[in-house]
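Below is one structure, written out as structure tokens; the observations come after it.
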Amino acid sequence: MVVGGRVSVPFGRRQVVAVVTGITQTTDVPSNKLRNVLSVLDHEPVIPEDLLSLLLWASRYYHHPIGEVLASALPVLLRRAAAADVPQIECYRWLREPLQPVSGRAHVQKALIERLAGAEGQPVDAGSLSGLSRQWRKSLQSLLNDGAVERQDLDALPKNIATEQPPVLMNEQAQAVAKVRGALGKFQSFLLDGVTGSGKTEVYLQCIDAVLARGEQVLVLVPEISLTPQLMTRFQRRVSGCLVSLHSGLNDTERLQNWMIAAKGHADVVIGTRSAVLVPMPRLGLVVVDEEHDGSLKQQDGFRYHARDFALMRAQKNTCPIVLGSATPSFESLNNVAAGRFEALPLSVRAGGAQPPKLALLDIRRQPLFEGLSEPLLQAMDKHLSEGRQALVFINRRGFAPTLLCNDCGASATCLRCDAHMTVHAKSRRLRCHHCGAERPMPNQCESCSSEALDFIGYGTERISQALQERFPGVSMARIDRDTTRKKGALEAQLSAATSGEAQLLVGTQMLAKGHHFPGVTLVGILDADRGLFGTDFRSLEHMGQLVLQVAGRAGREAVQGEVLIQTRNPDNPMLQTLVRDGYAAFAEAALTERKVAMLPPYAFVALVRAEATDPVAPHQFLERVVAELGNWQGPDLMTMGPAAAPMERLGGRYRAQLLIHAERRARLNACLKDLTGFIDELPEARRTRWSIDVDPVDLF
Ligand code: ADP
Ligand code: ZN
Ligand code: ZN
């Protein structure tokens, strides 16, 4: 038995897989309560000592049970009793040009053939092929049938060979690379604060080269699964070494394989989404967190860790530098720069001489609107389209309209299980709740009074695309949101149409905002920025600013300067004006001043205790009891606020309440939560609710 290795143990009447966290000769547990280990599964740790101690720390920091923390760190197959070996690696080798037509989508075929034929007779692993497209197997099968390709499995992951030379770095890029290279072998945190298109990825790539030359591994975290294939292909062109990706698109076997390759130290670069931060890497020499401001780096249920914060702890533990990159850094990171904990590496100009986009507010008060679109915006679109360029319209709501309202009685269609309106989906003629997933057919009559005078209130991507199609007949369009990209391969197809310029008009939600490079887009229209100004959450404003600038960053990334038009009914709002006129840094400074005055994070520390139950009063009773028990903790430096109903009280048929704990010092918050976890389970009220603790919550819902 080894610490960090798995054992099979009895648990009640069941038999479960457990991880050994320590070995001791003595215990206070009475001997009749002790049980024997049934079998030892690993003779070497699956979780090495350094990572294990971080996971133990995280369990204390997030006040989450260690068992679940360890389970989150293991691939599903290792949570069961699968062997912790690197399996044979599924690989394919190019033999000759295909004789028959290849099936599958054209861009998938092209990418696949390029990759296999480009390997010059060397086998290419399935993992890196799967990064090309989720539909790669279909085209591969037809290449196999044709005899153009053969399968050849290997014991170790083949090395990727770079095919592209690095460009000459611009001044600021070169300085950033020099700083990070200078810090290799030491713990240091950098904030790569670079405007959209300033060449942050290029900086990562050139730092990575130096790390690989030292024989060390690099961990690259990205927020979105849709961004991993893009980044992976770019890395494959540039990095010589073993590259693996870890994201939710892998099946259990692929995930175990890539995890083992990273954990055994065979992988040189691991690119992954959030949970990749929990993967063992014995030679870790650099951590990169791209789009570090992105909310999806925070796990929102179960073990609610923040991948950026965990990554910082890992870099410290492994004595290596960490680079957090963003065009719109989180307020936490800006505060860390101000406090001297992070070093800022600014990239202030766009690569390739592209100009920053020009932002302007469009006052739409008392303006005639065509389906929510103002005349100046439509005219600007017309102009850009007729000059042969692309336009992008951003609205962060999917579906046709967020509300179906009766003109006779005023009733709106609501979800039966949530305090929410049902969203109208016109094409499928259904009403859907975007919070719990409930759906029903769209009624022809009011559900309350049977009147047929029903109105669609508000706009979603479906309605906006329909309106634009009407206004610009003959213009090709791509709509990118969760509904249009649900099918396998649909997202890649839409993104590739957007990138190639085949789709002239793009309409989408925040899926369009993140990290993509659409060379032909020169106009961006933002329809609903106002919502972020009045959000219920203290982070709403920060998120609005980040989203607006990220979307804006899609405009004019090449020769022609981009134009960004933001429709608003609050053109005099000082925050919106600062954002548009003076940019993100000025906006963040102003917003941070407000946070400081209000004593909100990052100037204070908060945790949220959430409770939910089918009974509306149980969560409140429970949290009130918690407040009473915490009586002695309350004082000038620690306050509890609530309990209060959650902003959306009823969700999926359950009532939700929450309690905010606010402290001036981290240590005090942590001590209070430790006390709380000691008694909370024992409260009789706890039996009637489901509760959780969220430390450093990213939203208060
Ligand atoms: P970011 O990650 O900041 O959005 P990228 O690294 O994707 O920026 O760079 C934007 C574009 O500029 C890419 O097409 C990239 O190849 C190009 N680029 C980056 N750095 C340079 C450079 N030093 N010289 C020429 N082109 C560059
Ligand atoms: Zn009615
Ligand atoms: Zn619902």
Side-chain angles (χ1 to χ4, degrees), residues 164-177 192-208 220 222-223 227 230-231 233-235 237-238 288-292 323-329 345-357 402-423 430-440 443-455 499 513-519 549-550 552-559 648-656:
E164 242 177 55
Q165 290 302 312
V168 176
L169 292 176
M170 299 182 296
N171 249 338
E172 289 174 319
Q173 283 179 313
Q175 281 174 23
V177 169
L192 185 62
D193 183 354
V195 298
T196 48
S198 58
K200 291 184 290 295
T201 313
E202 193 54 50
V203 170
Y204 307 149
L205 284 166
Q206 303 214 10
C207 295
I208 289 170
V220 181
V222 289
L227 292 178
Q230 277 196 11
L231 203 63
T233 4
R234 194 157 163 199
F235 274 46
R237 291 202 303 265
R238 288 287 304 281
V288 172
V289 184
D290 193 25
E291 312 287 356
E292 65 87 30
V323 180
L324 311 180
S326 176
T328 53
L345 306 172
L347 301 180
S348 54
V349 293
R350 282 182 150 185
Q355 295 286 308
T403 311
L404 181 67
L405 188 79
C406 170
N407 259 328
D408 277 331
C409 77
S412 54
T414 51
C415 178
L416 304 176
R417 311 190 324 138
C418 306
D419 295 326
H421 292 298
M422 296 297 275
T423 300
R430 292 187 80 77
L431 298 178
R432 294 206 181 101
C433 174
H434 287 185
H435 303 280
C436 74
E439 53 178 286
R440 55 182 188 259
N444 294 318
Q445 302 176 331
C446 170
E447 290 163 328
S448 300
C449 76
S450 302
S451 158
E452 288 180 7
L454 295 178
D455 245 352
T499 310
K514 295 180 180 177
H516 303 292
H517 183 66
F518 306 127
L549 285 198
Q550 291 289 341
R554 300 315 112 210
R557 289 168 67 95
E558 307 233 316
M648 183 184 297
E649 182 169 18
R650 201 165 51 102
L651 176 74
R654 304 176 76 88
Y655 291 85
R656 307 177 314 145

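Each ligand, and each atom within it, is numbered from 1 in the order the structure gives.
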Can you confirm, on distance only, whether ligand 1 has an N/O atom lying under 3.5 Å from any N/O atom belonging to [X]?
{"X": "Ser198", "result": "yes"}
{"X": "His517", "result": "no"}
{"X": "Gly352", "result": "no"}
{"X": "Pro167", "result": "no"}
{"X": "Gly197", "result": "yes"}

Kindly indicate, with the supporting measurements, whether the criterion side chain to side chain contact (heavy atoms under 4.5 Å, CB included) is fulfilled by Arg650 and Cys418. CA-CA 5 Å; Arg650 201 165 51 102; Cys418 306; 5.6 Å; no

Working to the nearest 0.5 Å, report the span between OG of Ser326 and CG of Asp193.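 If I round to the nearest 0.5 Å, the distance is 7.5 Å.
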
Interatomic distance, Arg417 atom CZ to Arg654 atom CZ [nearest 0.5 angstrom]: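 The CZ atom of Arg654 is 10.5 Å from CZ of Arg417, to the nearest 0.5 Å.
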
Would you say His435 has an N, O or S atom lying under 2.8 Å from the Zn ion (ligand 3)?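 No, outside the cut-off.
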
Do any of the N/O/S atoms of His434, backbone or side chain, fall under 2.8 Å from the Zn ion (ligand 3)?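 Looking at His434, which is the residue asked about, there is no N, O or S atom under 2.8 Å from the Zn ion (ligand 3).
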
Is Asp290 reaching over with its side chain to a backbone N or O of Val222, donor-acceptor style, under 3.5 angstrom? no

So, Gln173 side chain and Gly199 main chain: donor-acceptor pair closer than 3.5 Å or not?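 Yes, Gln173 side chain to Gly199 backbone: donor-acceptor pair under 3.5 Å.
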
Among all protein heavy atoms in this structure, tell me which lies nearest to [atom], with the distance rounded to 0.1 Å.
{"atom": "atom 13 (C) of ligand 1", "value": "Arg234 NH2, 4.1 Å"}
{"atom": "atom 1 (P) of ligand 1", "value": "Lys200 N, 3.5 Å"}
{"atom": "atom 9 (O) of ligand 1", "value": "Gly199 CA, 3.5 Å"}
{"atom": "atom 2 (O) of ligand 1", "value": "Thr201 OG1, 2.7 Å"}

Report the part of Gln173 (side chain from C-beta onward, or backbone N, CA, C, O) that has a heavy atom under 4.0 Å from ligand 1; answer both or neither where that applies. side chain

Just let me know how Val168 lines up against ligand 1, side chain, backbone, both or neither, with a heavy-atom cut-off below 4.0 Å.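 Backbone only.
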
How far apart are the C-alpha atoms of Leu231 and Thr201, what are their side-chain angles, what is the distance that settles it, and do they pass the side chain to side chain contact (heavy atoms under 4.5 Å, CB included) test? CA-CA 9 Å; Leu231 203 63; Thr201 313; 3.8 Å; yes

Quick one: which of Arg234, Arg238, Arg237 gives a salt bridge (Lys or Arg N to Asp or Glu O under 4.0 Å) with Glu164?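 Among the candidates, only Arg237 passes.
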
For residues Leu169 and Glu202, report the shortest heavy-atom separation together with the two atoms involved. CD2-CG, 3.8 Å

Taking salt bridge (charged side-chain N to carboxylate O under 4.0 Å, His left out) as the test, write out the residues that go with Arg350, two or more places apart.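 Arg350 satisfies salt bridge (charged side-chain N to carboxylate O under 4.0 Å, His left out) with no residue once adjacent residues are dropped.
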
Taking the side chain as C-beta and beyond, is there a heavy-atom pair between Cys406 and Cys449 under 4.5 Å? yes

Kindly indicate whether the side chain of Arg656, heavy atoms from C-beta on, has any atom under 4.5 Å from the side chain of Met648.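 Heavy-atom side-chain distance check passes, below 4.5 Å.
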
Going through the distances and angles, do Arg440 and Glu447 end up as a side chain to side chain contact (heavy atoms under 4.5 Å, CB included)? CA-CA 12 Å; Arg440 55 182 188 259; Glu447 290 163 328; 2.9 Å; yes

Which residues and atoms, protein N, O or S only, are under 2.8 Å from the Zn ion (ligand 2)? Cys406 SG, Cys409 SG, Cys446 SG, Cys449 SG

Measure from atom 19 (C) of ligand 1 to every heavy atom in Ala354, Ala327, Ala351 and give the option owning the shortest one. Ala351

Between His516 and Thr499, is the side chain to side chain contact (heavy atoms under 4.5 Å, CB included) condition met? List the steps. CA-CA 9 Å; His516 303 292; Thr499 310; over 6 Å; no

